[in-house]
Amino acid sequence: MNDDLFGGDSSQWAFGTDFEDPLAGVDTTMVDDVVADDLALYCLGLADDALIMSQRLSEWCSRAPEMEDDVALANLALDLLGQARLLLARAAAASPSVVPVLPEGSPVPPEDALAFFRSAGQFRNVRLAEVPGGDFAHVIVRLLLFSVARRELLERLRGSRDQVLAAVAARGVKEVSYHRDWSARWFLVLARGTGESRRRLISALDELWPYQAELVRCGAVDLALADAGVGVDPTTYAGAVDAVLGEVFATSGVERPSRGPLAGVGGRLGRDGVHTEALSLLLAEMQVVARAHPRGRW
Amino acid sequence: MPGQADHQAHFDEVIARHDRIEPRDWMPDAYRRTLVRQIAQHAHSEIIGMQPEGNWISRAPSLRRKAILLAKVQDEAGHGLYLYSAAETLGVSRDDLVAMLLSGKQKYSSIFNYPTLSYADVGTIGWLVDGAAICNQVPLCRTSYGPYGRAMIRICKEESFHQRQGYELLMTMMRGTPEQRDMVQESVNRFWWPSLMMFGPPDESSPNTERSMAWGIKRNSNDDLRQKFVDMTVPQAQALGVSLPDPSLTWNADRGQHDFGQPDWDELFAVIRGDGPCNTQRLAHRRRAHEDGAWVREAASAFAAQEEPGHG
Amino acid sequence: MGEWPLYEVFVRSKRGLNHVHVGSLHAADDEAALRNARDVYTRRNEGVSIWVVRSDAITASSPDEKDSLFDPSGDKVYRHPTFYTIPGSVPHL
Ligand SMILES: [Fe+2]
Ligand SMILES: [Fe+2]
């Protein structure tokens with residue numbers, strides 16, 4: 001019997017107790033020709049996408065079709081949560097002015113202040129991430145649309161002049177590639193499995209497709225950072241995203257949905273802080289404990 | 001052909017030398033039945049046990065705590081899976097075992113029929129409930145049935161992270177605001193007695209203990225383990241700065257162990273009967289997940305059948 | 001439609017070591033089994049390579065070949081006839 005069962009190397013644990021500083025060991029120097037607020041907003045967009053997706057995915061914990069899928073879904077949520085944390089920390093370091101002000105002496109770290117003390121209008125995630133959950137087909141379609149686009153983004157972001165973004169992208173691209181392949185496989189399985197699974201898949205696709213265009217839309221912040229070699233202009237990978245989705249649809253024998261993109265409000269979309277009705281409800285739940293203890297230590 | 005008596009003698013000899021019984025070995029029917037029941041109940045407990053803490057994932061108050069809690073609850077799903085696999089080596093199917101859970105024919109640990117009412121409960125469950133589970137489970141790494149013991153080794157390694165994260169959360173909260181400290185104490189008050197009940201009824205009213213120990217399925221009696229747990233926990237509570245809600249809890253220098261009070265066994269038996277605060281809710285949650293997933297499982301099977309006609 | 005079949009999972013924990021049996025899982029097909037194995041059995045960086053094989057594809061020897069006590073007809077009783085002992089010397093298993 002292995003007697004040092006409980007000793008040993010704590011680095012083997014997925015989450016030990018030693019990941020206090022999310023940016024430890026990464027060069028956090030700012031690229032000098034970038035507006036700090038732009039970089040912060042850019043990071044918030046990518047962070048909020050991951051955070052809200054993670055929140056929706058983690059709602060599946062203890063509810064998946066099989067135990068194996070329960071474990072898989074939690075892994076996806078954990079990957080995105082990790083990305084969110086790094087990116088929020090980067091946003092805060094780039095421009096402390098984006099971080100909500102807490103009572104004097106509050107020990108809440110800036111990335112948590114950003115996650116738990118901003119209101120819906122300050123979140124910059126795409127609306128796809130926040131749509132309330134449906135059935136398992138809904139999970140698969142949302143994850144496919146999201147991860148195909150995020151993978152193309154992260155792949156290009158590895159070359160960012162910002163060392164933190166480059167590091168997040170280098171790790172994230174591996175994670176999100178797996179998410180894409182995992183969801184693409186399930187997409188195929190549901191499309192070809194049974195009549196019911198196909199019907200559910202197509203209905204989820206019809207519901208979520210109008211949110212897809214927002215993933216590859218280029219805003220002013222994207223453009224400014226792309227020009228500086230720090231961010232990526234989404235229109236540069238829109239074609240690649242389209243090609244991957246086209247391949248998944250073709251292999252699965254599913255027609256590309258015909259509905260057009262979901263309109264914004266006065267031209268403003270998720271990245272601009274204009275969301276669906278679902279986001280403030282999601283945040284009310286996510287933030288309730290943290291907000292009750294603005295001086296709390298966790 | 002060897003006869004029944006030879007089989008029995010060989011089995012007895014393996015048990016006597018503290019060796020392991022493996023799946024294809026001959027074993028007495030009662031040994032097999034006892035193992036299936038025990039492993040299945042253990043597996044059900046892991047799966048149902050995801051719910052009380054899962055209840056707080058969406059509300060975890062920091063990103064770090066959210067990641068830790070999600071990873072922890074995910075581990076419990078893994079534990080259930082390892083244990084169902086071990087039970088399957090005894091000739092039962094996971095489907096059948098899950099059906100017995102859902103129909104109420106097989107039980108799970110009653111501790112999970114208590115509600116989680118504050119975020120401190122996440123810490124208390126890690127510290128006390130996973131702590132009690134570790135006391136129960138470490139000896140099972142040496143259980144006589146090989147696959148069960150191997151599943152337990154894997155599980156115990158992961159459980160040590162569970163207990164540490166729980167205790168660390170409580171420690172951190174105790175360094176926080178007065179409200180947080182009250183939250184911790186209130187949570188410990190609620191979970192202390194149910195944790196003691198996790199070791200099962202007192203030995204004199206635990207009919208199966210003796211036989212299970214003789215077979216090497218169980219390695220320690222309920223009361224021994226409960227004592228060990230109390231002795232281990234008291235100094236941890238002191239270090240934390242919380243009190244344990246038992247006026248008769250004192251150090252007994254003669255015994256070199258703590259004296260402590262008895263839990264309310266009537267309450268435990270009520271919870272076991274199905275009248276606990278959350279019994280209905282926990283099973284309903286599990287049933288809904290199982291039913292909602294049926295079309296997905298069928299779709300995957302149908303797809304596999306198309307892809308691999310050879311496998312049928 | 002019945003239960004997803006059972007698979008056995010083998011993980012190479014680092015280069016230079018053999019694949020070692022780590023446990024089992026259910027999956028609808030081989031590809032899903034491989035993904036599930038990655039998600040379930042390598043959550044803590046335990047592996048650099050994974051094998052999965054359907055449990056019913058494994059042919060197993062008798063538990064104790066030399067032992068005349070073993071009754072070959074006993075084979076058929078179990079749906080899931082084999083589990084491999086993990087050597088104590090393998091780290092983190
Ligand atoms: Fe567990
Ligand atoms: Fe645990």
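Everything numeric here is computed off the predicted structure, so don't read it as measured data.
- The contact between Arg185(A) and chain B is made entirely by side chain atoms (from C-beta outward), counting heavy-atom distances below 4.5 Å.
- Minimum heavy-atom separation, Val71(A) to Gly78(B): CG2-N, 4.1 Å.
- Salt bridge annotation for Glu68(A)-Arg297(B): absent, with no cationic side-chain nitrogen under 4.0 angstrom from a carboxylate oxygen.
- Residue Arg200(A) touches chain B through its side chain alone, counting heavy-atom pairs closer than 4.5 Å.
- Put simply, of Glu76(B), Met50(B), His285(B), the one with the most heavy-atom pairs under 4.5 Å next to chain A is His285(B).
- Between the side chains of Gln74(B) and Asn75(A), at least one donor N or O sits under 3.5 Å from an acceptor N or O.
- Using a 4.0 Å cut-off between charged side-chain N and carboxylate O, Glu111(A) and Arg64(B) make no salt bridge.
- When heavy atoms are compared at a cutoff of 4.5 Å, Ala64(A) approaches chain B solely by way of its backbone atoms N, CA, C and O.
- Looking at Glu66(A) and Arg94(B), a side-chain N of the basic residue comes within less than 4.0 Å of a carboxylate O on the acidic one, giving a salt bridge.
- Of the two parts of Lys72(B), neither the backbone nor the side chain holds a non-hydrogen atom closer than 4.5 Å to a non-hydrogen atom of chain A.
- Counted by atom type alone, Ser58(B) and Glu285(A) present one or more donor-acceptor pairs between their side chains at under 3.5 Å.
- Comparing His290(B), Gln51(B), Arg175(B) by how many heavy-atom pairs each has under 4.5 Å with chain A, the most go to Arg175(B).
- Put simply, of Ser54(A), Pro107(A), Ala74(A), the one with the most heavy-atom pairs under 4.5 Å next to chain B is Ala74(A).
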